[in-house]
Amino acid sequence: MPELPSPITVVGIGADGWPGLSTAGRAALRAAEVVVGGPRQLDLLPRDEVAAERVPWPSPLRPAVPGLFAAHADRRVAVLASGDPMFYGIGRTLAETVGAGRLRVLPHPSSVSHACARLGWPLESTEVVSLVGRPLDTLALALNPGRRLLVLSADAATPAAVAALLTARGYGAARLRVLEQLGGPAERQLDGTADGWPHPPGDPLNIIAVDLGDGPRSSLVPGLPDAAYQSDGQLTKRHVRAATLATLAPSPGELLWDVGGGSGSIAVEWLRAHRDCQAVSIERDPVRAERIARNAAALGVPRLRVVTGPAPASLAELPTPDAVFIGGGLTATGLLDSCWDALRPGGRLVANTVTLESEALLTEWYRRHGGELVKLAVAHAVPVGGFTGWRQAMPVTQWSAVKPNTPQENAS
């Protein structure tokens, strides 16, 4: 049998460096022949204690990881990680690239644990938002009155950027405390409000504690107000949108195709359902595609992928979806067939229309594949002279179905 590669010991280290390491962590680093880490972390190791070869991470990091460890497969390797390696750390990347079974992880208290200890905040009820390698607008999803947030900074400029975003989003009175070099001898705290943040960029190793206080609230469930979206009229309206998302039934980690994105509202609210949800919005009109991206950023889900191009041609290279929503272009040749074929077994397809031609097509698919065919009608109270009456919106026909786990013959 071929010899298995040596295990990799991942050692969490804090701003306190070598003195703050556990006995096991020090022993692993003393025994290592190679230590891999960022330059700042490697500089924390005393030369008289750790004699191993020091290898800084290459850039870009993730594609280089397999080759890096293959080159040292016959040596004792240790990896340095900031704080807890498995909390927004290098541990996840290593587990996904070299395999969790090859790792021995020795965690250190994370910056979040240190921050909650300093602030007296309960860790289990404090929301954590990472801006490391993520757009600033990611923070917008966490904004609601009275909430406490811990924001993982990308660099020294992040606190001022967070203050500016909070001010722009109506949370100018929010209290910010920037905790630098937590657990180390240079630890310090900076305090201020978002709308008058007075501090210049400080240490890049920082975490931001945010007391939001009062500000605009945002619902966590589908059916945001229509005014939350920029739109040229191509928008799945609020009540129909809520019913559509309920039928699509997002679950953590699942991928949605939003075909004929319009204003992107279905994909946006799918992503808002859980931070691990994924979505691709396909829109042929470049102006609308740009608007979808703006809506996604404004509503805290800038991770939405927007594909500009016609369907079904633009679907060919996309990853397999767990759910598909078709909000436009139903009569395009081959669109329904392409979406149904691409859908994984057990996945859901939901299609909405207001036209008779598309309704006839959905009726045929309902006959062939079953599922549910429903009509959604919404009326709003409006003034009628000195009285009040109902104004009926265009009814929406919706077909939904779950793709069988086994091939299904078409009905004759």
Side-chain angles (χ1 to χ4, degrees), residues 135 137-138 140-141 222-245 247-248 250 254-273 277-343 347-355 357-359 361-362 376 394 396-400:
D137 286 314
T138 302
L141 185 57
L224 295 178
D226 293 345
Y229 294 92
Q230 296 180 23
S231 171
D232 61 0
Q234 292 299 310
L235 173 71
T236 302
K237 299 300 191 289
R238 181 180 192 175
H239 299 90
V240 173
R241 190 185 330 128
T244 299
L245 266 295
T247 306
L248 285 167
E254 289 190 328
L255 170 67
L256 170 74
W257 286 2
D258 177 16
V259 182
S263 299
S265 62
I266 296 295
V268 165
E269 295 190 30
W270 171 280
L271 291 175
R272 285 172 60 90
C277 285
Q278 305 169 66
V280 182
S281 187
I282 302 95
E283 172 55 56
R284 67 180 303 153
D285 186 323
V287 174
R288 287 178 181 164
E290 291 179 4
R291 188 181 293 120
I292 290 170
R294 292 198 300 272
N295 283 330
L299 292 166
V301 287
R303 67 185 186 277
L304 173 61
R305 178 183 173 188
V306 182
V307 172
T308 305
S314 297
L315 308 178
E317 303 300 322
L318 298 182
T320 300
D322 300 284
V324 175
F325 172 67
I326 306 176
L330 270 169
T331 56
T333 303
L335 177 59
L336 262 170
D337 294 275
S338 296
C339 290
W340 186 256
D341 291 345
L343 192 64
R348 289 90 62 206
L349 190 148
V350 178
N352 290 357
T353 189
V354 296
T355 70
E357 291 79 7
S358 293
E359 182 179 286
L361 181 62
L362 293 183
L376 305 172
M394 291 185 71
V396 174
T397 299
Q398 180 181 94
W399 175 65
S400 62

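- Taking CD1 of Ile292 as the start and CD of Glu283 as the end, the distance is 5.0 Å to the nearest 0.5 Å.
- Taking CZ from Arg305 and CG from Leu256, the interatomic distance works out to 13.0 Å, rounded to the nearest 0.5 Å.
- Heavy atoms from other residues, nucleotides or ligands lying under 6.0 Å from CZ of Arg303 number more than 12.
- The shortest non-hydrogen separation linking Ser358 to Leu330 is OG-CB, 3.8 Å.
- The two residues Leu271 and Ala279 make their nearest non-hydrogen contact at CD2-N, 3.5 Å.
- Taken from CG in Leu343 to OG in Ser338, the straight-line distance is 12.5 Å, to the nearest 0.5 Å.
- For Leu245 against Pro250, the heavy-atom pair with the smallest separation is O-CD, 3.4 Å.
- The heavy-atom pair separating Ala140 from Gly300 by the smallest distance is CB-CA, 3.8 Å.
- Nearest heavy atoms, Lys237 versus Asp226: CD-OD2, 3.3 Å.
- Sorted by first and then second residue, the salt bridge (charged side-chain N to carboxylate O under 4.0 Å, His left out) pairs with a member in residues 259-273 read Arg241-Glu269; sequence neighbours excluded.
- Inspection of the Glu357 and Thr331 side chains reveals no N or O donor paired with an N or O acceptor under 3.5 Å.
- Within the 3.5 Å criterion, the main-chain N or O of Gln230 finds a donor-acceptor partner in the side chain of Asn295.
- Between Glu254 and Cys277 the shortest side-chain heavy-atom distance does not fall below 4.5 Å.
- Counting only N and O atoms by type, the side chains of Asn352 and Thr236 include no donor and acceptor under 3.5 Å apart.
- Not counting sequence neighbours, the partners of Asp232 by the side-chain contact (heavy atoms from CB on, under 4.5 Å) test are Gln234, Arg288, Arg291.
- Between atom OG1 of residue Thr244 and atom CD1 of residue Ile266 there is a gap of 5.0 Å, rounded to the nearest 0.5 Å.
- In this structure, Trp270 and Arg348 approach most closely via the heavy-atom pair CH2-NH2, 3.7 Å.
- For Thr247 (side chain) and Ala243 (main-chain N/O), a donor-acceptor pair under 3.5 Å exists by modelled atom type.
- Not a single donor-acceptor pair under 3.5 Å links the side chain of Ser263 to the backbone N or O of Ser265.
- Inter-residue side-chain proximity for Trp399 and Leu349 is flagged as met; some heavy-atom pair is nearer than 4.5 Å.
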Could you list the donor-acceptor pairs under 3.5 angstrom formed between side-chain atoms of residues 306-328 and any protein atom two or more places apart in sequence or on another chain?
from	atom 1	to	atom 2	distance (Å)
Ser314	OG	Pro310	O	2.7
Asp322	OD1	Arg344	NE	2.5
Asp322	OD2	Leu255	N	2.7

